[in-house]
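So the structure is just underneath, and the comments pick up after that.
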Amino acid sequence: MSFSLSTHHENLQAFLNDRAPHQPEFHQAVEEVMADIKPIIDQSEPYKKANVFERLVEPERVISFQVAWQNDAGAVEVNRGYRVQFNGAIGAYKGGLRFHPTVNPSVLKFLAFEQTFKNALTGLPMGGAKGGSDFDPTGRSDAEIMRFCTAFMQELHRHIGPDIDVPAGDINVGAREIGYLFGAYRRIQGKFEGILTGKGEAFAGSAMRTEATGYGVMYFLSDMLKSHDDSIDGKTIIISGAGNVATYAAEKAVALGAKVISLSDSSGFVYDADGLTQEKIDWVRAHKAKAGASLAAYVDAFGGKWAKGETPWSLKADIAAPCATQNELGKQDAKTLAKNGIKAVIEGANMPTTADAKKVLSDKDILFAPGKAANAGGVAVSGLEISQNRQRQSSGPDEVDNALQNIMSDIHASCVAEGQKDGKVDYAKGANIAGFRKVADAMVAQGVG
Ligand code: NDP
């Protein structure tokens with residue numbers, strides 16, 4: 001792909017290799033988005049004049065810091081903490097914190113870049129950011145998690161604030177970690193303010209924030225199927241992951257009449273031909289909350305088959321919902337899904353489908369919903385939590401759930417409006433263009449310093 005760059009680089013790849021070397025996940029995310037928005041930039045004098053392209057792929061700020069903390073044995077361990085404040089054109093930065101050994105600048109830049117467009121799609125005024133640490137919480141005690149969170153906030157507090165940057169959770173950062181992080185901020189700053197979302201409802205958290213991403217995925221799927229004269233009711237669904245997004249997506253899918261036949265974690269996947277029930281999902285949540293617990297124990301509790309070290313994409317189903325992590329569904333998986341007659345792939349995780357796999361799905365005309373649209377429900381309710389904190393009010397679960405459904409429907413409509421291609425809807429293109437326009441227009445309007 002050639003770009004009219006102000007630099008000497010002859011194409012996007014050369015530009016990225018030079019400006020962001022050794023960052024494969026970030027390159028993957030940029031290349032995917034740019035394929036869709038390049039024609040829009042090329043046709044717009046204001047976008048070209050403001051050099052929107054180069055400014056969009058350069059984070060406004062990358063903060064990296066030391067996190068030194070004491071483990072239960074009294075030894076001091078050192079991790080690296082980050083906050084990538086990618087683009088603040090449409091609002092204060094917003095995006096999750098991830099604690100996982102795979103966290104590095106490439107992964108966080110890809111996530112923060114994607115978050116910028118996702119947040120724009122929600123229609124709420126939030127800029128894009130992401131952060132976290134290479135800390136691995138597997139097998140750590142509750143006291144160690146608390147000390148790590150406290151040490152992490154010891155530095156992060158300088159860079160966040162209600163009008164600056166409001167982080168949330170992501171992989172391995174759930175209600176418990178948000179509680180410890182919030183407590184640390186409050187003690188350091190001596191202020192109770194809305195600097196994190198996903199807080200407990202007892203301390204200014206929003207109803208439905210925990211459920212929002214997974215429920216939103218299924219609301220988006222409902223709209224997508226409805227616009228193709230179909231519905232979730234009666235569908236068989238494969239879900240990967242066994243965390244926040246996966247379990248709440250499963251819960252809503254079951255409530256809407258689907259049969260969910262799998263969940264997975266980093267040790268393998270479980271196949272339950274009878275389908276998950278609310279009881280089984282509740283058990284998974286309680287079980288996975290224990291330090292280092294593997295999903296393998298599911299079959300002892302409920303039967304089914306355990307496939308150690310494998311992903312669930314070989315199962316036969318109508319819908320696949322990857323809800324674990326990036327690049328978990330590859331080209332061969334997509335071919336297997338297509339061979340088995342899959343009708344749609346909906347991304348609950350961020351960028352779980354590789355570029356090769358997306359090409360296979362698109363060649364076979366399989367419906368594809370990108371994460372930046374389908375999983376935007378979490379950040380949307382985070383946006384509502386910010387508003388509730390500002391007004392010192394709290395909304396009830398029904399009110400928030402209705403707002404979430406409306407936002408997901410609006411995102412679906414934006415994808416349809418911008419994603420028309422050969423008489424069909426290319427949802428990835430629609431999401432990229434709709435998110436881009438809002439951010440780019442704000443950048444142009446604000447000029448440069
Ligand atoms: P959780 O930590 O709650 O769950 C993550 C799940 O994915 C776990 O089952 C975990 O297995 C599995 N997993 C994590 N890393 C890997 C890996 N490298 N290989 C295989 N399995 C892995 O995270 P969430 O559910 O919050 O997040 C899941 C995805 O959804 C991420 O891509 C996240 O960015 C995205 N997302 C989350 C949002 C939210 O509101 N939470 C909002 C929007 C997107 P194990 O337990 O064995 O580690």
Side-chain angles (χ1 to χ4, degrees), residues 25 29 94-104 107-108 110-112 114-115 117-119 121-122 128 130-132 135-140 145 167-178 196-198 206 208-217 220 239-251 262-270 284-285 287-298 308-313 321-330 346-353 370-383 385 404 408:
E25 292 86 0
K94 181 94 202 87
L97 297 171
R98 176 179 294 192
F99 293 166
H100 198 271
T102 56
V103 164
N104 60 38
V107 167
L108 293 181
F110 118 64
L111 288 165
E114 290 280 291
Q115 192 82 42
F117 301 97
K118 181 190 307 189
N119 291 1
L121 279 172
T122 66
K130 204 82 187 187
F135 171 67
D136 185 357
T138 316
R140 297 293 190 173
I145 300 285
D170 190 73
I171 291 179
N172 290 328
V173 180
R176 174 180 62 165
E177 291 75 17
I178 292 288
L196 286 167
T197 57
S206 174
M208 297 295 297
R209 173 60 187 92
T210 314
E211 296 88 343
T213 307
Y215 279 22
V217 168
F220 192 93
I239 295 182
S240 68
N244 173 274
V245 180
T247 58
Y248 284 102
E251 182 172 297
S262 73
L263 287 177
S264 73
D265 67 8
S266 49
S267 59
F269 80 86
V270 65
V284 169
R285 256 185 227 127
H287 175 69
K288 287 295 295 179
K290 295 176 204 151
S294 161
L295 191 60
Y298 181 98
K308 189 177 173 200
E310 290 180 37
T311 51
W313 315 125
C323 295
T325 193
Q326 63 269 9
N327 293 329
E328 55 166 314
L329 196 164
I346 178 150
E347 294 189 324
N350 284 313
M351 208 170 72
T353 316
K372 68 169 73 70
N375 71 27
V379 76
V381 171
S382 276
E385 184 172 329
L404 171 64
M408 296 315 293

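Atoms within a ligand are numbered from 1 in the order they appear, just like the ligands themselves. Residue indices begin at 1 and follow the sequence shown. These numbers were taken from a predicted model, which means no experiment stands behind them.
- When only non-hydrogen protein atoms are considered, atom 48 (O) of ligand 1 lies nearest to S266 OG, 3.5 Å.
- Counting heavy atoms from C-beta on, the side chains of S382 and R209 come closer than 4.5 Å.
- Put simply, the side chain of E347 gets close to the backbone of G371: a donor and an acceptor are under 3.5 Å apart.
- Considering I346, I239, T247 in turn, I239 is the only one that fulfils the side-chain contact (heavy atoms from CB on, under 4.5 Å) rule with C323.
- Annotation for L108 and V103: closest pair CD1-CG1, 3.8 Å, computed over non-hydrogen atoms.
- Contact annotation: the side chain of E177 approaches that of I145 to within less than 4.5 Å [non-hydrogen atoms, C-beta and beyond].
- Checking K94 against T197 by side-chain atom types alone, a donor-acceptor pair falls below 3.5 Å.
- Between R98, E177, E328, H100, it is H100 that holds the heavy atom closest to atom 15 (N) of ligand 1.
- Heavy-atom contacts of S264 reach the following atoms of ligand 1: 9 (O) (cutoff under 4.0 Å).
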### Query
So Y248 and R285, side-chain contact (heavy atoms from CB on, under 4.5 Å) or not? Walk me through it.
CA-CA 10 Å; Y248 284 102; R285 256 185 227 127; 3.2 Å; yes
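- In terms of polar-atom proximity, defined here as any N/O pair under 3.5 Å, Q326 makes no such contact with ligand 1.
- Distance from atom 2 (O) of ligand 1 to its nearest protein heavy atom, with residue and atom name: N172 N, 2.8 Å.
- In R209, the part holding a heavy atom less than 4.0 Å from any atom of ligand 1 is the side chain.
- For the ligand labelled ligand 1, residue G348 lies inside the 4.0 Å heavy-atom shell.
- The nearest heavy-atom contact from the protein to atom 27 (O) of ligand 1 is I171 CG1, 3.7 Å.
- Geometrically, ligand 1 and N350 share a nitrogen or oxygen pair separated by less than 3.5 Å.
- Contact annotation: the side chain of N350 approaches that of K130 to within less than 4.5 Å [non-hydrogen atoms, C-beta and beyond].
- What sits closest to atom 41 (N) of ligand 1 on the protein, heavy atoms only, is N244 OD1, 3.6 Å.
- In T213, the part holding a heavy atom less than 4.0 Å from any atom of ligand 1 is the side chain.
- In P352, neither the side chain nor the backbone holds a heavy atom less than 4.0 Å from any atom of ligand 1.
- With a 4.0 Å cut-off on non-hydrogen atoms, A212 does not touch ligand 1 at all.
- The shortest heavy-atom contact between V381 and S206 is CG1-OG, 3.9 Å.
- Here the protein heavy atom with the shortest distance to atom 4 (O) of ligand 1 is G243 CA, 3.3 Å.
- Closest to atom 33 (C) of ligand 1, if we only count protein heavy atoms, is D170 OD1, 3.1 Å.
- Between A242 and ligand 1, a contact under 3.5 Å exists for at least one N or O pair.
- The nearest non-hydrogen atom to atom 19 (N) of ligand 1, considering only T325, T311, T247, comes from T325.
- The shortest N or O to N or O distance between K288 and ligand 1 is below 3.5 Å.
- The shortest distance between side-chain heavy atoms of N375 and K118 falls below 4.5 Å.
- E328 approaches S240 most closely through the heavy-atom pair OE1-OG, 2.7 Å.
- At under 3.5 Å, a nitrogen or oxygen of V245, whether backbone or side chain, sits near a nitrogen or oxygen of ligand 1.
- Between Q115 and G96 the shortest heavy-atom distance is OE1-N, 4.5 Å.
- An N or O contact shorter than 3.5 Å is missing between N375 and ligand 1 by distance.
- Atom 29 (C) of ligand 1 has A324 O, 3.2 Å as its closest protein atom, hydrogens excluded (heavy atom only).
- A374 and F220 make their closest contact through CA-CG, 4.0 Å (heavy atoms, listed as atom of the first residue, atom of the second, distance).
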